[in-house]
Amino acid sequence: MKKTQKKILGFSGLLLVAAMTVFAAYLPVPEASATTALTDVIKVRVVGAVPDVNINNINYGEIFTSTGHAFGIDYENAENVKVTLQYTNVAGEVTTDVLAETYSDYYTGSYNVYFVKE
């Protein structure tokens, strides 16, 4: 091969490498397809085996002789929560009043109840 042919072939190869380098520089950078700008929020709610209700500020079986008492109720794992008051007057007649009622859908919650019986 003559010297001129070698120079032309070498220069052509050099131009081909430069063109491939420029082409590769303009290719988009590959990104992982699993990354996004969104964030998922997952809430896990553990529900016990039985309903749990705690009454605050009143002892079980306590008898009141005056009106106007406040107490709190903490509950969980209950579909419906109903607070009732059983009242016995001096004649011995028993009446039951519903103080509060809610559909809790097994979520944890609390009630503050103030009642006055006339």
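If you read the sequence from its start, that first residue is 1, and numbering goes on from there.
With sequence neighbours excluded, the residues forming a side chain to side chain donor-acceptor pair (under 3.5 Å) with D74 are N56, listed by chain and number. In this view, T21 and V17 satisfy the side-chain contact (heavy atoms from CB on, under 4.5 Å) rule, not counting sequence neighbours. Applying the side-chain contact (heavy atoms from CB on, under 4.5 Å) criterion to Y114, with sequence neighbours excluded, gives A70, V116. Under the side chain to side chain donor-acceptor pair (under 3.5 Å) criterion, N80 pairs with no residue, sequence neighbours left out. The side-chain contact (heavy atoms from CB on, under 4.5 Å) search around D52 returns N54, E76, not counting sequence neighbours. Judged as a side-chain contact (heavy atoms from CB on, under 4.5 Å), and not counting sequence neighbours, the contacts of S12 are I8.
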Pair up each side-chain donor or acceptor in residues 100-111 with any protein partner under 3.5 Å, not counting sequence neighbours, and list the distances.
| residue | atom | partner | partner atom | Å |
| --- | --- | --- | --- | --- |
| Y103 | OH | D105 | OD1 | 3.4 |
| S104 | OG | A78 | O | 2.3 |
| S104 | OG | E79 | O | 3.4 |

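Rounded to the nearest 0.5 angstrom, K82 NZ and L99 CG are separated by 11.0 Å.
A side-chain donor-acceptor contact under 3.5 Å links N77 to the backbone of V50.
Annotation for Y26: hydrophobic cluster partners, listed by chain and number, are V22 (ILVMFWY side-chain heavy atoms under 4.5 Å, direct or chained). The hydrophobic cluster containing L15 also includes F11, under a criterion of side-chain heavy atoms closer than 4.5 Å among ILVMFWY residues, counted directly or through chains of members. Other members of the cluster containing L27 are F23, with ILVMFWY side chains joined at under 4.5 Å, either directly or via other members. Under a 4.5 Å side-chain heavy-atom criterion applied to ILVMFWY residues, the cluster that includes L16 comprises M20 as well.
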